[in-house]
A.B. asks: 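Here you go, one structure.
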Amino acid sequence: MFELAKAISLQKYQMIVKHTLDIMLQFFNPRLIMIDLKYIQNNFEEASIKLSKKGVGQDVLNELNDLFQLLKAANSKYESMKAEQNKLSKLFGEYKQKGLDTNELKDGIDKLKVQLPSLLEEARIADEKLQNLALVIPNFPDNEVPEGKDEDDNIELKKVLEPRVFDFQPKEHWDLGEKNGWIDFERGVKLAKSRFSVLKGTGAKLERALINFFLDTNAKAGFEEFNVPVINNANMLLGTGQLPKFEDDLFKIDGEELYLIPTAEVALTNLYNDEIIDASSLPLLLTAYTPCFRKEAGSAGRDTRGMIRQHQFDKVEMVAISHPDKSDEIFDMMVQNASDLLTALELPHRLVMLCGGDLGFGASKTVDIEVWLPGQGKYREISSISNTRDFQARRAKIRYKEDGKNLFVHTLNGSALAVGRTLIAIMENHQQEDGTIEIPDVLKKYL
RNA sequence: CGGGAGAUGGUAGAGCGGUUGAAUACACCGGUCUUGAAAACCGGCGAAGGUAACACUUCCGGGGGUUCGAAUCCCCCUCUCCCGGCCA
């Protein structure tokens, strides 16, 4: 997922957002979409401890709180004066109807009208400043999320399946891919640029088989299949948290406020953008296959060889829109479902709880699933399941109605699974000494 | 890309300068009736902010303007629908 900016300072925040937000606000009205300011205000200590896990300094929270107070003060000043004006205008109408003299009223209104614009402007500026800052504050991590800086501080929860012992030197997937004629790296680069590749023959068929296998299995777990646009507008990317902070990671359509999605999470979650869902229809379990597009801006030099880190890759994604009371339960189910997919493919893997520093921007809790790659002799991420609690729901205005009240849902997302990396894992784990690859039984009926 | 129409609450659909946050219908929720359900009748029913609760503010696609006052008038933008061209 996205790299979290470390050691974030106020100035850096303001610089990062200014440009993108300016552009976006030309096209979209700035609705009040942000983290829970009231919670921060009422639980300042707790909030700052939580956010420090994600590297947010206390100065940022102080600034946020000050802006919030400023906005409230400016608003109430403006609103009471506006109320006065509305009252007089109403009277004006009545006077006119009765044929009374309105001159005095008009004078009163005129006096108020001189002051109103500056008060409104004051409130508007406070609101804009507040939002600029609030939109780049990451989600609060759960209490169970371990302290830590980076992936070295993540905690292994469990291992599933023992890595196979090879009686020969296992090859890396790029060797196997070329030897079997499944992957053509050169021509992928020719067609687009580096970090693109071409699958062919059985490689291409396996990719398709995996997609179908994943979708079918997810359906059995209760997820409804969707086919969604892979181009989404800026407002949707704002809703799930990719914008404004991570624009550099996205492919943008030239001249339009449209982006290629970096994950189907964006489209699936935002299906319910600005909607109020009846509590009785929760949870909504959604799944979709899409290609995903990422600039990998911060990853220069990493995984340049092979198919691990591409600008375009296939993924089957799960998304859940959940009642707040049920999201932990659903989270566990999603982790289990993703893990079961790997088990069915006979791929050794482990579950890892991400530490605060490695947690994504919108996540309050994330479990990564890492698959064993014998060629590299390492576990590598193949799925990432996150509970964002109400973080995305607030931004995307996804609510549910219960007992007449509108409340924010919880949203969750997780890969099930990254298709290209699964293909790699199959090649490396099920390779034979002669370089051929044994296809797992569950896939055979899909070929 | 060219020509026409439109954008109002969950949906349909009135309103076209004042007390209309918005008629009406359907949907939905509560009640009466019923063994239970349906029907009928009565009542409620958009959202955000704000408040202890009221008050109050904002929102009729988005932005700006006219006016004492705008869902209603004017300008710009976006989107949708119909007709024509192009095209999977």
Side-chain angles (χ1 to χ4, degrees), chain A residues 21-42 67-131 134-135 227 229-239 253 255-259 270-282 284 321 390 393-409:
Chain A
L21 213 59
D22 279 355
I23 294 170
M24 281 172 20
L25 295 186
Q26 290 173 7
F27 295 86
F28 302 102
N29 64 320
R31 309 173 304 188
L32 213 66
I33 34 175
M34 48 174 64
I35 50 164
D36 195 343
L37 289 169
K38 281 186 197 161
Y39 166 78
I40 293 180
Q41 195 183 19
N42 296 329
L67 286 170
F68 189 37
Q69 297 306 330
L70 200 69
L71 172 66
K72 288 217 284 194
N75 255 341
S76 79
K77 239 195 290 177
Y78 168 76
E79 282 178 9
S80 59
M81 192 158 287
K82 184 69 185 171
E84 186 66 20
Q85 196 212 339
N86 288 345
K87 213 183 293 172
L88 294 180
S89 287
K90 213 169 248 184
L91 264 182
F92 189 101
E94 287 170 25
Y95 276 38
K96 255 311 201 232
Q97 215 160 34
K98 292 177 188 159
L100 298 171
D101 177 46
T102 55
N103 281 334
E104 205 176 312
L105 273 180
K106 178 127 171 33
D107 285 350
I109 293 170
D110 285 345
K111 245 181 245 165
L112 289 174
K113 279 180 73 174
V114 178
Q115 307 176 55
L116 273 170
S118 68
L119 288 178
L120 181 62
E121 181 64 5
E122 202 180 311
R124 198 192 59 77
I125 288 172
D127 183 55
E128 192 179 290
K129 279 187 185 163
L130 181 63
Q131 288 215 48
L135 282 171
N227 192 301
V230 298
I231 296 175
N232 283 196
N233 67 46
N235 207 23
M236 301 302 113
L237 277 297
L238 188 74
I253 307 291
E256 311 220 42
E257 290 307 308
L258 295 170
Y259 299 81
N270 281 299
L271 284 172
Y272 294 93
N273 189 299
D274 202 16
E275 294 196 21
I276 299 172
I277 304 159
D278 193 274
S280 65
S281 48
L282 297 176
L284 299 166
I321 313 275
D390 66 0
R394 285 174 179 279
R395 294 177 154 242
K397 289 181 72 177
I398 308 174
R399 288 158 293 169
Y400 70 100
K401 191 182 274 289
E402 190 174 54
D403 300 330
K405 277 192 283 202
N406 297 324
L407 303 161
F408 291 111
V409 298

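In what follows, chains carry the letters A, B, and so on, assigned in the order in which the sequence lines appear, proteins first and then strands, with residues in each chain numbered from 1. Being a predicted model, the structure only gives us computed values, none of them experimental.
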A.B. asks: Between A/Arg124 and A/Glu121, is there a side-chain N and carboxylate O pair less than 4.0 Å apart?
C.D. replies: yes
A.B. asks: Roughly how far apart, to the nearest Å, are B/G46 and B/C28 at atom C1'?
C.D. replies: 13 Å
A.B. asks: If you round to the nearest 0.5 Å, how far is CD1 of A/Ile231 from CE of A/Met236?
C.D. replies: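 If I round to the nearest 0.5 Å, the distance is 14.5 Å.
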A.B. asks: Which residues, if any, of residues 103-116 of chain A bring a heavy atom under 4.0 Å of RNA chain B?
C.D. replies: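 Heavy-atom cutoff 4.0 Å gives A/Lys106, A/Ile109, A/Lys113.
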A.B. asks: Please report, rounded to the nearest Å, how far the P atom of B/A48 is from the CG atom of A/Asp274.
C.D. replies: 10 Å
A.B. asks: How about A/Arg394 and A/Asp36: do any of their side-chain heavy atoms sit closer than 4.5 Å?
C.D. replies: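 Yes, close enough: below the 4.5 Å cut-off.
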A.B. asks: Is any side-chain heavy atom of A/Ile398 less than 4.5 Å from a side-chain heavy atom of A/Glu275?
C.D. replies: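 Heavy-atom side-chain distance check fails, nothing below 4.5 Å.
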A.B. asks: Which of these nucleotides, B/U51, B/G69, B/A47, is closest to any side-chain atom of A/Ile276?
C.D. replies: B/A47
A.B. asks: Is any side-chain heavy atom of A/Glu122 closer than 4.5 Å to one of A/Lys77?
C.D. replies: yes
A.B. asks: Would a 4.5 Å heavy-atom cut-off, applied to side chains only, mark A/Leu112 and A/Glu84 as touching?
C.D. replies: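 In short, these two side chains touch, coming nearer than 4.5 Å.
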A.B. asks: For A/Lys401, report the nucleic acid contact type (base, sugar-phosphate, nothing); a contact means any heavy atom under 4.0 Å.
C.D. replies: sugar-phosphate
A.B. asks: Could you measure the distance from the CG atom of A/Asn233 to the CG atom of A/Leu238? Nearest 0.5 Å is fine.
C.D. replies: 10.0 Å
A.B. asks: Applying side-chain contact (heavy atoms from CB on, under 4.5 Å) to A/Leu37 and A/Gln41, what does each step give before you reach the verdict?
C.D. replies: CA-CA 6 Å; A/Leu37 289 169; A/Gln41 195 183 19; over 6 Å; no
A.B. asks: Which whole number of Å gives the distance between the P atom of B/C56 and that of B/G21?
C.D. replies: 12 Å
A.B. asks: Between B/G6 and B/A14, how many Å separate the two P atoms, rounded to a whole number?
C.D. replies: 12 Å
A.B. asks: Return the value, rounded to whole Å, for the distance between atom NZ of A/Lys72 and atom C1' of B/A48.
C.D. replies: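 Answer to the nearest Å: 15 Å.
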A.B. asks: What's touching nucleotides 16-19 of chain B from the protein side, N or O pairs under 3.5 Å?
C.D. replies:
from  : atom 1 : to      : atom 2 : distance (Å)
B/G18 : N2     : A/Ser89 : O      : 2.9
B/U19 : O4     : A/Gln97 : OE1    : 2.8

A.B. asks: Determine the Euclidean distance between corresponding P atoms of B/A48 and B/G9; express it in Å to zero decimal places.
C.D. replies: 15 Å
A.B. asks: Would you say A/Leu258 and A/Asn232 make side-chain contact, with heavy atoms under 4.5 Å?
C.D. replies: no
A.B. asks: Base, sugar-phosphate, or nothing for A/Asp278, non-hydrogen atoms under 4.0 angstrom?
C.D. replies: nothing
A.B. asks: Reading RNA chain B 5' to 3', what string of ( ), [ ], | and . shows its pairs, if Watson-Crick and G-U wobble pairs count only when both distances fall under 3.5 Å?
C.D. replies: ((((((((.[[[..)..(.....]]].(((((.......))))).((((......)))).[[[[[..)....]]]]])))))))....
A.B. asks: Would you say B/A48 has OP1 or OP2 under 4.0 Å from some side-chain N or O of A/Arg399?
C.D. replies: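 Checking B/A48 against A/Arg399, a side-chain N or O does come within under 4.0 Å of OP1 or OP2.
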A.B. asks: Report which part of the nucleic acid A/Lys77 touches: base, sugar-phosphate, or nothing (heavy-atom distance under 4.0 Å, all strands).
C.D. replies: nothing
A.B. asks: Starting at OH of A/Tyr400 and ending at C1' of B/A47, how long is that distance when rounded to a whole Å?
C.D. replies: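 About 17 Å, once rounded to whole Å.
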A.B. asks: Would you tabulate the nitrogen or oxygen pairs shorter than 3.5 Å linking the protein to nucleotides 53-59 of chain B?
C.D. replies:
from  : atom 1 : to      : atom 2 : distance (Å)
B/U57 : OP1    : A/Asn86 : ND2    : 2.9

A.B. asks: Any non-hydrogen side-chain atom of A/Leu130 less than 4.5 Å from a side-chain atom of A/Phe68?
C.D. replies: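 A side-chain contact exists here, since the closest heavy-atom pair is under 4.5 Å.
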A.B. asks: Taking A/Asp127 for its side chain and A/Ala123 for its backbone only, find out whether a donor-acceptor pair lies under 3.5 Å.
C.D. replies: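 Not confirmed, A/Asp127 side chain does not pair with A/Ala123 backbone.
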A.B. asks: List the residues meeting ring pair (Phe, Tyr, Trp, His ring centres under 6.0 Å) with A/Tyr39, not counting sequence neighbours, and say none if there are none.
C.D. replies: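 A/Tyr39 satisfies ring pair (Phe, Tyr, Trp, His ring centres under 6.0 Å) with A/Phe140 only.
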A.B. asks: Could you check how far CZ of A/Arg394 sits from C1' of B/G49, rounded to whole Å?
C.D. replies: 13 Å
A.B. asks: May I have the distance from A/Lys405 (atom NZ) to B/C29 (atom C1'), rounded to whole angstrom?
C.D. replies: 16 Å
A.B. asks: Do you see a donor-acceptor pair shorter than 3.5 Å between the side chains of A/Lys82 and A/Gln85?
C.D. replies: yes
A.B. asks: For A/Lys401, I'd like to know if atom NZ has over 12 heavy atoms of other residues, nucleotides or ligands within 6.0 Å.
C.D. replies: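 Buried by this count: over 12 neighbours within 6.0 Å.
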A.B. asks: Got a salt bridge between A/Asp110 and A/Lys106, using NZ or NE/NH1/NH2 to carboxylate O under 4.0 Å?
C.D. replies: yes
A.B. asks: Rounding to an integer number of angstrom, what distance separates B/A47 and B/C54 when you compare their P atoms?
C.D. replies: 15 Å
A.B. asks: Could you work out the separation of B/U32 and B/G36 based on their C1' atoms and round it to a whole Å?
C.D. replies: 16 Å
A.B. asks: Just how far, in rounded Å, is P of B/A47 from CD of A/Glu275?
C.D. replies: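 My rounded result for the distance is 15 Å.
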A.B. asks: Can you check the distance between B/U20 and B/A7, where both ends of the measurement are the P atom (answer in whole Å)?
C.D. replies: 23 Å
A.B. asks: What integer distance in Å separates A/Asn233:CG from B/G61:C1'?
C.D. replies: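 Going from A/Asn233 (CG) to B/G61 (C1'), I get 14 Å.
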A.B. asks: For A/Tyr95, is the OH atom crowded, meaning more than 12 foreign heavy atoms sit under 6.0 Å from it?
C.D. replies: no
A.B. asks: Judged by atom type as modelled, is there a donor-acceptor pair below 3.5 Å linking the side chain of A/Arg395 to the main-chain atoms of A/Leu135?
C.D. replies: yes
A.B. asks: Considering only nitrogen or oxygen atoms on both sides, find all protein atoms under 3.5 Å from nucleotides 71-76 of chain B and state each distance.
C.D. replies:
none

A.B. asks: Rounding to an integer number of angstrom, what distance separates B/G62 and B/A71 when you compare their C1' atoms?
C.D. replies: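 Nearest-Å result for B/G62 against B/A71 at atom C1': 15 Å.
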A.B. asks: When the distance from CG of A/Leu88 to C1' of B/U67 is rounded to whole Å, what number comes out?
C.D. replies: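 From A/Leu88 CG to B/U67 C1': 15 Å.
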A.B. asks: Got a salt bridge between A/Lys397 and A/Asp274, using NZ or NE/NH1/NH2 to carboxylate O under 4.0 Å?
C.D. replies: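 Between A/Asp274 and A/Lys397 there is a salt bridge, with a charged N closer than 4.0 Å to a carboxylate O.
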